[in-house]
There are 2 protein chains.
Amino acid sequence: MNHVDRIIGHAEQHCKAHGTRLTVKRKQVLMGLIQSDKALSAYELLDFCNRQYGEKMPAMSVYRILEFLEDEHLVHKLSLANKYVACAHIVCNHAHAVPQFLICRQCSKVKEIAIEPATINELRANVSEAGFKLISTQLEMNCLCEGCIEQAA
Amino acid sequence: MNHVDRIIGHAEQHCKAHGTRLTVKRKQVLMGLIQSDKALSAYELLDFCNRQYGEKMPAMSVYRILEFLEDEHLVHKLSLANKYVACAHIVCNHAHAVPQFLICRQCSKVKEIAIEPATINELRANVSEAGFKLISTQLEMNCLCEGCIEQAA
DNA sequence: ATCGAGATGTTACAACATATCATTTGTATT
DNA sequence: AATACAAATGATATGTTGTAACATCTCGAT
């Protein structure tokens, strides 16, 4: 049983536990994201799936399925890049802190990390001083990944 | 001379100093953003300008002009909200640190702040540990503004 | 006055996203 | 197994956001 299958297995369990179903199409879309191992736009993902599985899924379905997967916390939408990425923690069974996303602007690889709570609190304090209130600590940051840093050097 | 006019005056100086021109149309678009006092989508801004100045500017022009204004650092694009906002520092003549943006998800008001350098450095360190490199500390954060916090309470 | 660069207009279209209604599928009940 | 209902998907249309390409206009320098 390979890595992808293990993740899909977990996703299936997760859905079952939530009274939802990871249907064939949903599985295909999620697998597309996992296999790509980077963030994809909805239409990139659509093309990938259609090539990979020899189907002709309509765009509508991909959007619907992405919405479902987001609701199940199996996929994250990255507004900064306008792309979607598989959650990095599907195989973990424990709860995670609110994640932050490092997005490689070169190749769309994404790393999901947990910023130090102390740092988050400093941020929150800075925001608070400005009279605003942070409603999400799910930060997205424009970065370069290891591979693309080397390439640039 | 009112507030808006003062800002526009500064913007004009700024452009002159950079060998560019703040034309009538560009002025209209910038004034639209300043008057709105919040982030607007390109098409919202287009509508605003067309109503305000009785014109029929094509969408293309707004995008072109926004690009120009961004290049001149008179306008910021907020990817998180897919909207544009006037720079808060047009009237200042001194240089500013890379700004961070607090975006009210309720009303699109935006506050441009400077996060503590120490906090930024912690963030950068966190990113670095993950093997990535921050290429912009221009963070965008989903918030509620003062007005909308009260309203919600 | 004329010329050229830069700005704007026009048209077409690509990319991203949602609304709505029809059809199919999967599951629970009989 | 037949039925019937809910959930999922298909199909179509349309709305929103953004760009490409080429034509025209305008301002400023000569």
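Order of the sequence lines fixes the chain letters, A, B, ..., with proteins taken first and strands second; residue numbering starts at 1 for each chain. In this text, all values refer to a predicted model and were calculated from it rather than measured experimentally.
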Can you find a pair of side-chain heavy atoms, one from A/Val29 and one from A/Leu69, that are under 4.5 Å apart?
yes

May I have the distance from B/Glu67 (atom CD) to D/dT17 (atom P), rounded to whole angstrom?
18 Å

Aromatic centroids of A/His76 and A/Phe101 separated by under 6.0 Å
yes

Non-hydrogen atoms of A/Leu30 and A/Ile90 that approach each other most closely:
CD1-CD1, 4.2 Å

Checking B/Lys133 against A/Glu146 for the salt bridge (Lys or Arg N to Asp or Glu O under 4.0 Å) test, could you report, in this order, the C-alpha distance in whole Å, the side-chain angles of both residues, the deciding distance, and whether it holds?
CA-CA 8 Å; B/Lys133 179 163 180 274; A/Glu146 303 178 86; over 6 Å; no

A correct 5'-to-3' footprint of nucleotides 8-23 of chain C, with B, S and - meaning base, sugar-phosphate only and no protein heavy atom under 4.0 Å, is BBB-----BBBBB---

Nearest whole Å is fine: how far is D/dG18 C1' from B/Leu45 CG?
14 Å

In whole angstroms, how far is the C1' atom of D/dA8 from the CD atom of A/Glu72?
14 Å

B/Lys27 NZ to C/dA7 P, straight-line distance once rounded to whole Å:
14 Å

Rounded to the Å, how far apart are A/Arg21 CZ and C/dT25 C1'?
8 Å

Below 6.0 angstrom between ring centroids: does that apply to A/His10 and A/His14?
no

Flag yes if more than 12 heavy atoms outside A/Lys27 fall under 6.0 Å of its NZ atom; otherwise flag no.
yes

